[in-house]
Number of protein chains: 2
Amino acid sequence: MKLKQIEESLSSKGFKITKQRKQILDFILKTKGHFEIEDIVYKMKKKNKNVSRATIYRTIGLLKELGFVEEVIKYDNKTIYEIAGKGHHDHLICIKCGKIIEFEDKNIEKLQNKICKKYNFKPIYHRLEIFGICEECQKGEK
Amino acid sequence: MKLKQIEESLSSKGFKITKQRKQILDFILKTKGHFEIEDIVYKMKKKNKNVSRATIYRTIGLLKELGFVEEVIKYDNKTIYEIAGKGHHDHLICIKCGKIIEFEDKNIEKLQNKICKKYNFKPIYHRLEIFGICEECQKGEK
DNA sequence: GTTCTTGCAAACTGTTTGCAGCCGC
DNA sequence: GCGGCTGCAAACAGTTTGCAAGAAC
């Protein structure tokens with residue numbers, strides 16, 4: 001997903017391309033991994049691009065609506081996002097160091113769909129979070 | 001899991017059995033399904049058992065530590081709990097009416113363990129939330 | 001009597017919102 | 001110039017905490 005594509009999509013829907021939105025998009029696209037709202041706030045401050053927290057929330061909300069960004073993890077009463085379009089995957093989250101490992105498993109997805117069928121439930125999105133201790137932190141434990 | 005068992009476990013660990021804790025335990029044990037903190041607050045108010053919100057948070061925190069209660073869903077920036085020991089299962093959550101359907105699938109669990117092995121990740125707990133539209137709400141959609 | 005627990009209020013975090021002024025188109 | 005966008009500050013929800021008074025053992 002490229003900056004231009006997203007911008008076109010935004011303006012084609014009547015949204016304006018402001019410098020704040022450009023800054024935020026720039027950040028998200030450069031951050032290949034996961035991010036939180038505070039990461040953006042911090043980055044903007046550091047670059048002296050004073051984009052307000054409110055605008056960041058609103059922009060991420062908008063990008064979420066449009067499907068460019070996804071809420072992937074809820075942990076510690078915070079929301080962790082990532083850019084969409086990498087293909088669906090789920091996460092292992094280390095509760096010691098906070099590291100996030102992505103994984104993809106088609107079989108799990110298939111089983112989920114089977115479950116949904118069984119309950120006549122129409123799935124829209126899902127989140128599988130496995131919390132535990134990562135390899136490095138296990139070494140440190142001993 | 002019975003009231004007596006939990007109380008014994010508490011006192012064997014040096015915690016005291018107060019009337020507030022009894023009230024809260026009573027509520028949790030009677031509520032077979034999922035509950036939120038506010039549900040307890042509401043119930044206590046209604047019964048004129050004025051257990052403060054702070055105490056409820058502290059008690060649930062304690063029960064979580066001891067493994068009697070689990071955080072099973074994070075939705076809408078709220079935490080939904082349930083009593084532990086029913087055997088692990090996951091959830092379908094209707095984003096229209098809020099209904100929660102439990103399901104259990106050993107195969108999904110197995111696949112998860114496989115993933116963890118692959119990454120040398122030591123799993124502690126996990127959460128699989130499938131958000132979508134339940135059967136009834138689908139009918140209403142048309 | 002000691003120690004743990006409670007209630008209260010205040011504080012805190014993540015998030016949302018109303019409104020006046022600003023800026024993209 | 002219009003309508004959407006921003007920044008600010010205030011508000012909000014869920015949750016945590018310090019402290020003095022109270023209850024369990």
Side-chain angles (χ1 to χ4, degrees), chain A residues 3-4 6-27 34-45 47-66 69-81 98, chain B residues 3-4 6-27 34-45 47-66 69-81 98:
Chain A
L3 184 60
K4 284 279 167 245
I6 300 181
E7 287 186 359
E8 265 163 40
S9 167
L10 282 174
S11 58
S12 79
K13 289 187 179 69
F15 297 107
K16 295 180 175 166
I17 311 301
T18 63
K19 40 178 188 330
Q20 291 85 339
R21 286 182 178 163
K22 282 193 177 197
Q23 290 296 330
I24 296 171
L25 279 171
D26 187 58
F27 170 86
H34 307 84
F35 61 89
E36 302 170 20
I37 298 291
E38 283 315 301
D39 296 339
I40 309 182
V41 174
Y42 176 75
K43 192 59 172 284
M44 294 295 135
K45 277 242 175 63
K47 289 172 71 182
N48 283 320
K49 314 280 181 190
N50 284 317
V51 181
S52 74
R53 192 174 264 100
T55 295
I56 298 174
Y57 273 103
R58 284 190 274 231
T59 302
I60 297 299
L62 176 62
L63 294 173
K64 204 172 67 179
E65 288 289 301
L66 299 181
V69 151
E70 288 171 4
E71 271 186 10
V72 290
I73 300 173
K74 289 277 190 177
Y75 182 49
D76 207 17
N77 296 320
K78 276 188 302 196
T79 303
I80 300 177
Y81 300 88
Chain B
L3 184 61
K4 284 279 167 242
I6 300 181
E7 287 186 0
E8 265 164 38
S9 167
L10 282 173
S11 60
S12 78
K13 289 185 179 69
F15 297 106
K16 293 177 176 167
I17 312 300
T18 63
K19 42 175 186 326
Q20 292 86 338
R21 287 183 178 160
K22 280 193 178 197
Q23 289 296 330
I24 296 171
L25 279 171
D26 187 56
F27 171 86
H34 307 86
F35 61 89
E36 303 171 19
I37 297 291
E38 284 315 300
D39 296 339
I40 309 181
V41 174
Y42 176 75
K43 191 59 173 283
M44 294 297 134
K45 277 239 174 65
K47 288 173 70 181
N48 283 320
K49 313 283 182 188
N50 283 316
V51 181
S52 74
R53 192 174 262 100
T55 295
I56 297 175
Y57 273 103
R58 284 189 275 231
T59 302
I60 297 299
L62 176 61
L63 295 173
K64 203 172 67 178
E65 290 288 302
L66 300 182
V69 150
E70 289 171 4
E71 269 184 16
V72 290
I73 301 174
K74 289 278 190 178
Y75 182 49
D76 206 19
N77 296 320
K78 277 189 301 196
T79 303
I80 299 177
Y81 300 88

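A, B, ... follow the sequence lines: proteins, then strands. Residue 1 opens every chain. Scope of the values below: all heavy atoms of this structure, side chains included, with no hydrogens, waters or symmetry mates.
Near-neighbour residues of DNA chain C inside residues 15-24 of chain B, defined by a heavy atom below 4.0 Å, number-ordered: B:F15, B:K16, B:T18, B:Q20, B:R21. Taken residue by residue, residues 47-61 of chain A places heavy atoms nearer than 4.0 Å to DNA chain C at A:R53, A:A54, A:Y57, A:R58.
Fit an axis to the five pairs at each end of the helix from C:dG1-D:dC25 to C:dC25-D:dG1 and the two axes sit 30° apart, to the nearest 10 degrees.
Rounded to whole Å, atom C1' of C:dG7 lies 13 Å from atom NZ of B:K45. Remark: P of D:dC25 and NZ of B:K13 are 16 Å apart, rounded to the nearest angstrom. Protein atom CD1 of B:I37 is 9 Å distant from nucleotide atom C1' of D:dG14, rounded to whole Å.
Within the 4.0 angstrom heavy-atom criterion, no nucleotide atom of any strand lies near B:S11.
Each of B:R53, B:K78, B:K43, B:K45 was evaluated against B:E38; a single residue qualifies, B:R53, per the salt bridge (Lys or Arg N to Asp or Glu O under 4.0 Å) test.
Atom NZ of B:K47 sits in a crowded spot, with more than 12 heavy atoms from other residues, nucleotides or ligands closer than 6.0 Å.
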Verdict with supporting geometry, A:F15 and A:R21, side-chain contact (heavy atoms from CB on, under 4.5 Å): CA-CA 10 Å; A:F15 297 107; A:R21 286 182 178 163; 3.7 Å; yes
Steps toward salt bridge (Lys or Arg N to Asp or Glu O under 4.0 Å) verdict (B:E71, B:K64): CA-CA 8 Å; B:E71 269 184 16; B:K64 203 172 67 178; 2.9 Å; yes
Steps toward side-chain hydrogen bond (donor to acceptor under 3.5 Å, both in side chains) verdict (A:S9, A:K13): CA-CA 6 Å; A:S9 167; A:K13 289 187 179 69; 3.1 Å; yes
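Side chain of A:T55 to main chain of A:V51: no donor-acceptor pair is present (N/O by atom type, distance under 3.5 Å, no hydrogens or angles).
Distance check, rounded to the nearest 0.5 Å: OH of A:Y57 to CD1 of A:I24 gives 12.0 Å. With rounding to the nearest 0.5 Å, the separation of CD in B:E36 from CD1 in B:I80 is 5.0 Å.
Listed here is the closest heavy atom pair of A:Y81 and A:V72: C-CG2, 4.1 Å.
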